[in-house]
Amino acid sequence: MALKKQGNDPVKPDEVGYVFSHGDSNTIYMVLNGVVAAGTTDDQKYFTLAKSLGSFKIIHKTVSFPRQLVSYRADLPASLVTRIRDILLNMHRSESGKKVLRDLESTTKFEPIPGRDFDLVAAFRKQLDTELKLQR
């Protein structure tokens, strides 16, 4: 894996070049315009934008995984964490909460992360750690 500054930067035969597009729409347009050979995006963006543009093919689909995560400092009081969690998990029940969610990349609601997803995070972390060690 080799980080490139731009999609058209040269890639050696023994590496896979990648760039950060800084947005799903950018990724789709980079693929569409031939700047990169492939890109990744979420299902929602693909089916609302990429599918309508044609000439795209899904070559791999990962398991469903939360895209937006909420984290907090380890020293935050448990009562405050619980209160914030309750507010976030119930935002979709009020009009003012729904508006805030819509403004956050058209989010419909927050949900607790299922236990199986924590296992996925552990697996991704192990793979990422291995990749980072290879790049050093």
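Computed over heavy atoms, backbone and side chain alike; hydrogens, waters and symmetry mates excluded. Just so you know, these numbers come straight off a predicted model, no measurement behind them.
Hydrophobic cluster membership differs between F56 and I59, with clusters built from Ile, Leu, Val, Met, Phe, Trp and Tyr side chains linked at under 4.5 angstrom. Put simply, F20 and V11 are part of two different groups of oily side chains (I, L, V, M, F, W, Y) that touch within less than 4.5 Å, one to the next. Both I58 and V31 belong to a common hydrophobic cluster when Ile, Leu, Val, Met, Phe, Trp and Tyr are linked at side-chain heavy-atom distances under 4.5 angstrom.
Salt-bridge formation is not detected for the pair K12/E15: no Lys NZ or Arg NE/NH1/NH2 atom is positioned less than 4.0 Å from an Asp or Glu carboxylate oxygen.
Between atom NZ of residue K98 and atom NE2 of residue H92 there is a gap of 8.5 Å, rounded to the nearest 0.5 Å. T108 contributes atom OG1, which lies 11.0 Å from atom CZ of R102 (distance to the nearest 0.5 angstrom). From M30, atom CE reaches atom CG of N8 across 8.5 Å, with rounding to the nearest 0.5 Å. Here S79 contributes atom OG and R83 contributes atom CZ; the two are 11.0 Å apart, rounded to the nearest 0.5 Å. Expressed to the nearest 0.5 Å, how far OH of Y46 lies from OG1 of T27 amounts to 14.0 Å. With rounding to the nearest 0.5 Å, the separation of CD in E111 from OG1 in T107 is 11.0 Å.
Side chain of N26 to main chain of S21: a donor-acceptor pair is present (N/O by atom type, distance under 3.5 Å, no hydrogens or angles). At least one donor-acceptor pair under 3.5 Å links the side chain of K4 to the backbone N or O of P10.
With respect to I84, the side chain to side chain contact (heavy atoms under 4.5 Å, CB included) criterion is satisfied by exactly one of V81, L80, I87: L80.
Taking every heavy atom of both residues into account, F110 and L89 meet most closely at O-CD2, 3.6 Å. Shortest non-hydrogen contact noted between L101 and K109 is CD1-CA, 3.9 Å. Across all their heavy atoms, D103 and K99 have their closest contact at OD2-NZ, 2.8 Å. Pairing each heavy atom of V19 with each of K5, the nearest pair is CG1-C, 4.2 Å.
Contact of the K61 side chain with the D43 side chain is registered, since non-hydrogen atoms from C-beta on lie closer than 4.5 Å.
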